[in-house]
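To keep things clear, I will list the structure first and then write my remarks on it.
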2 protein chains.
Amino acid sequence: MAQFTIKDLARKLGVSPSTVSRALSDHPDISPATKRRVAEAAQKYHYHPNQIAQSLQKKRSSTIGVIVPEIRHNFFSTVISGIEEVAYESGYTIMVCQSNETLAREVLNTQALVANRVAGLLIAISTETSRWDHLENVLARGVPLVQFDRVAEPLDTSKVVIDDYRAAYEAVVHLIDSGYRRIGHFSGREVIAMDRHRCRGYLDALADHGLACDRRFLIRGGYREEDGRAAVERLLALGELPDAILAVNDPVAVGAFVRLKEAGVRIPEDVALVGFSDTPAAALIDPALTTVYQPAFEMGRTAASLLLEQLTAEGGSVEMKTVVLPTELRVRGSSRPRGA
Amino acid sequence: MAQFTIKDLARKLGVSPSTVSRALSDHPDISPATKRRVAEAAQKYHYHPNQIAQSLQKKRSSTIGVIVPEIRHNFFSTVISGIEEVAYESGYTIMVCQSNETLAREVLNTQALVANRVAGLLIAISTETSRWDHLENVLARGVPLVQFDRVAEPLDTSKVVIDDYRAAYEAVVHLIDSGYRRIGHFSGREVIAMDRHRCRGYLDALADHGLACDRRFLIRGGYREEDGRAAVERLLALGELPDAILAVNDPVAVGAFVRLKEAGVRIPEDVALVGFSDTPAAALIDPALTTVYQPAFEMGRTAASLLLEQLTAEGGSVEMKTVVLPTELRVRGSSRPRGA
DNA sequence: TTGGATACCGCAAACGTTTGCGGTATCGTT
DNA sequence: AACGATACCGCAAACGTTTGCGGTATCCAA
């Protein structure tokens with residue numbers, strides 16, 4: 001119950017706490033002999049320094065905060081896994097919060113993490129987040145911040161993203177090459193940069209190929225299965241279906257998939273489908289879902305690495321990098337070439 | 001950069017830090033008037049108490065540690081989501097670590113969390129974990145611990161689990177009722193209590209119905225898709241397939257599913273399949289996977305609640321409860337009645 | 001023998017809180 | 001008018017570290 005502190009250890013050894021502290025951190029002022037004695041005693045008595053006390057003194061902890069919209073979403077949990085991986089390797093631990101896609105909770109989360117004096121912050125903003133004073137606040141306090149996936153572009157931080165524009169563009173080109181012409185898009189919220197990029201990629205790809213965009217087929221919604229279902233609902237009410245649909249991510253693609261099947265629509269004969277993410281389910285549905293793979297795990301790893309860079313290079317201020325990770329269009333059955 | 005501390009706030013108000021501290025925590029010794037003044041000033045200057053300092057003084061932090069085998073696994077990420085949920089509601093934050101299914105890393109994780117003076121610990125042990133001195137150590141230090149899903153039974157802690165025995169038993173009964181006779185089981189590791197229970201449920205169900213267990217169809221492995229594939233591989237090498245297979249979880253079931261399909265085996269005509277968890281993919285594959293649903297989110301919530309109980313009831317030591325959550329067999333296409 | 005390096009080590013303050021104890025007004029009672 | 005309650009509030013120590021500064025041996029050179 002009671003702690004075994006550095007003082008106890010010092011007493012056992014007949015030296016001062018300062019000496020123990022310095023010995024443990026390999027300070028040159030301490031003789032090799034005492035260092036050895038201290039190390040052995042620490043081992044023997046299972047002494048582990050109190051991180052809390054250390055943090056208070058150093059004015060910074062060795063934990064990094066992570067905020068995501070939803071932990072349970074496969075994409076984010078994979079990112080978190082990547083983050084934890086490199087954090088662990090560097091002796092950091094992570095504090096994870098979810099905003100549940102609300103701004104209110106996102107700012108509460110950042111406050112909580114800042115109050116816990118995290119060394120740095122990793123965040124993918126919620127769909128509601130259109131102001132970022134809470135994040136500017138974090139930066140103003142000197143807490144390094146790096147954004148990933150869903151980023152607030154105006155904010156001067158390191159970012160790790162994918163080339164949403166290009167990925168969407170290529171996905172649409174693939175559909176066109178496969179013989180589809182009347183191509184729709186289930187988008188997310190316009191405020192999200194990611195969405196704007198994907199949408200623009202979609203539009204440009206059509207335009208560059210002399211195809212018109214039927215605005216009725218460009219439907220905005222959210223990021224979940226139900227949003228995919230809802231979008232299909234609107235199409236069905238319309239009484240007219242596109243040839244193909246580019247969904248903003250896999251969950252909405254899957255939602256659309258299911259609803260279309262329920263309605264007796266054949267995939268891809270009647271309408272082709274492509275998603276974003278390559279969720280585990282994507283390869284398993286029948287026909288398998290064509291989707292652009294996002295390296296979620298790698299995204300977590302590099303985001304964490306970027307943050308650690310800033311943490312160690314403290315003082316010599318590093319410039320903000322934004323690294324864009326490569327994606328990969330994984331062509332599967334849901335976009336089989338027309339007439340094949 | 002520099003902190004705005006309680007001293008600064010006190011100076012602005014012309015009172016002592018003690019008064020501010022007490023005012024903030026609604027101490028009866030402070031007049032309503034000063035409390036109001038303090039509250040307003042705190043608001044105005046954006047004062048947030050330094051949790052680190054608080055923790056040091058209180059000798060306990062308001063963060064709870066979570067250790068799971070793998071964050072990215074759907075089941076665990078959902079549990080974590082539930083944990084975060086109730087932690088958030090109670091003003092706690094969570095530190096998440098993954099053991100990657102290794103004991104070594106699991107003990108490192110516990111040490112890191114203890115060094116961070118977490119208020120309590122939530123854990124699902126790794127498959128390698130057959131000793132628990134590291135957990136006993138945690139308990140000895142007076143840190144409350146509650147186990148979930150994968151538990152070390154001999155350890156006297158609160159636990160939240162499902163009735164693995166009964167769930168497996170009922171799943172097998174369902175298969176029998178559906179006309180299947182030669183039923184196999186893809187199990188996990190014998191050291192894991194969960195596995196033993198499911199296996200026993202499987203065996204007893206067979207026995208109770210006068211069915212013999214063909215030991216060649218009882219295959220041990222891991223918990224991932226590849227393990228499911230591997231198990232099927234062994235069956236194929238055997239040159240003989242069971243009527244039906246109860247998989248230890250959904251990933252294994254899915255792995256088996258895919259491999260069986262590759263081999264041209266029809267599901268459920270040639271072999272039926274049932275899993276555990278109800279992963280998102282389960283309902284999406286074709287035929288949809290019959291599976292016993294585990295309330296992952298609820299498991300996270302109740303585990304966290306149990307921990308919080310212990311934290312608040314500090315002193316008046318609470319007894320250890322083990323709550324078993326209800327499961328639900330979700331019958332789908334992969335176990336369609338024989339001949340139907 | 002003296003002087004200055006050099007090698008080790010300890011004192012004490014500090015990090016930002018909380019809290020036991022004591023202190024000073026103010027008030028109501030007698 | 002004096003006295004005990006009562007209501008508020010401040011002092012200072014403590015939580016477990018780290019670290020600047022100073023101090024004491026020891027040693028080598030002169």
Side-chain angles (χ1 to χ4, degrees), chain A residues 1-39 41-42 45-63 91 114-119 141-142 314, chain B residues 1-39 41-42 45-63 91 114-119 141-142 314:
Chain A
M1 193 72 193
Q3 283 202 61
F4 186 80
T5 78
I6 203 174
K7 294 184 185 176
D8 301 319
L9 188 52
R11 198 170 316 122
K12 300 254 183 203
L13 286 167
V15 298
S16 77
S18 341
T19 301
V20 175
S21 174
R22 280 190 260 252
L24 255 17
S25 51
D26 203 32
H27 192 287
D29 264 10
I30 306 296
S31 74
T34 17
K35 277 180 187 167
R36 211 166 3 83
R37 285 182 58 220
V38 170
Y45 296 108
H46 300 110
Y47 169 73
H48 291 207
N50 184 330
Q51 293 262 15
I52 298 283
Q54 275 187 161
S55 302
L56 180 59
Q57 153 69 29
K58 301 265 203 68
K59 298 180 138 217
R60 202 184 47 186
S61 74
S62 59
T63 96
V114 167
N116 273 284
R117 297 301 183 270
V118 291
R141 280 173 178 265
E314 201 68 56
Chain B
M1 194 71 195
Q3 283 202 62
F4 186 80
T5 79
I6 202 174
K7 295 184 186 176
D8 301 320
L9 187 52
R11 196 170 316 123
K12 300 254 184 204
L13 287 166
V15 298
S16 77
S18 340
T19 300
V20 176
S21 173
R22 280 191 259 253
L24 255 17
S25 52
D26 202 32
H27 192 287
D29 264 10
I30 305 298
S31 74
T34 19
K35 277 181 187 166
R36 211 167 0 84
R37 285 183 58 222
V38 169
Y45 296 107
H46 301 107
Y47 168 74
H48 291 211
N50 184 333
Q51 293 261 17
I52 298 284
Q54 274 186 161
S55 303
L56 180 59
Q57 153 69 30
K58 300 265 203 68
K59 297 180 137 218
R60 201 183 53 183
S61 74
S62 60
T63 95
V114 167
N116 274 283
R117 296 300 182 271
V118 291
R141 280 173 176 264
E314 202 67 54

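Because the structure is predicted, anything quoted here is derived from the model rather than measured.
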What integer distance in Å separates [X]:[atom1] from [N]:[atom2]?
| X | N | atom1 | atom2 | answer |
| --- | --- | --- | --- | --- |
| I6(B) | dT18(C) | CD1 | C1' | 8 Å |
| K35(B) | dC8(D) | NZ | P | 9 Å |
| K7(B) | dG10(D) | NZ | C1' | 14 Å |
| Q54(A) | dC15(D) | CD | C1' | 14 Å |
| K59(A) | dT17(D) | NZ | C1' | 15 Å |
| R117(B) | dG16(C) | CZ | P | 20 Å |
| R60(B) | dC15(D) | CZ | P | 17 Å |
| H27(A) | dC8(C) | NE2 | P | 12 Å |

(message) So, using side chain to side chain contact (heavy atoms under 4.5 Å, CB included) as the criterion, who are the partners of K59(A) when residues are at least two apart?
(response) none
(request) Report the distance from atom CD1 of I6(A) to atom CG of L24(A), rounding to the nearest 0.5 Å. (result) 6.5 Å
(message) Taking only side-chain N and O atoms of S16(B), does any of them lie within less than 4.0 angstrom of OP1 or OP2 on dG10(D)?
(response) yes
(request) Using a cut-off of strictly less than 4.0 Å, decide whether Y47(B) has a side-chain nitrogen or oxygen near OP1 or OP2 of dT17(C). (result) yes
(message) Here's a test of your reading of the structure: between T34(B) and P49(A), which maps to the more 5' nucleotide of DNA chain D?
(response) T34(B)
(message) If you assign each of A53(B) and V15(B) to its closest nucleotide in DNA chain D, which residue comes earlier from the 5' end?
(response) V15(B)
Indicate yes or no for a side-chain donor-acceptor contact from [X] to the backbone of [Y] under 3.5 Å, with no hydrogens or angles considered.
| X | Y | answer |
| --- | --- | --- |
| S61(B) | S55(B) | no |
| N50(A) | I52(A) | yes |
| S21(B) | P17(B) | no |

(message) Do N116(A) and T63(B) have side chains that approach each other closer than 4.5 Å (heavy atoms only, starting at C-beta)?
(response) yes
(request) Can you run down the salt bridge (charged side-chain N to carboxylate O under 4.0 Å, His left out) pairs that involve residues 24-39 of chain B, sequence neighbours left out, and say none if there aren't any? (result) D26(B)-K35(B)
Contacts under 3.5 Å, N or O only, protein and nucleotides 19-21 of chain C:
{"from": "dT19(C)", "atom 1": "O4", "to": "S18(B)", "atom 2": "OG", "distance (Å)": "3.3"}
{"from": "dG20(C)", "atom 1": "O6", "to": "R22(B)", "atom 2": "NH1", "distance (Å)": "3.4"}
{"from": "dG20(C)", "atom 1": "O6", "to": "R22(B)", "atom 2": "NH2", "distance (Å)": "2.7"}

(request) Could you check whether L56(B) gets within reach of a base, just the sugar-phosphate, or nothing at all, counting any heavy atom under 4.0 Å? (result) base
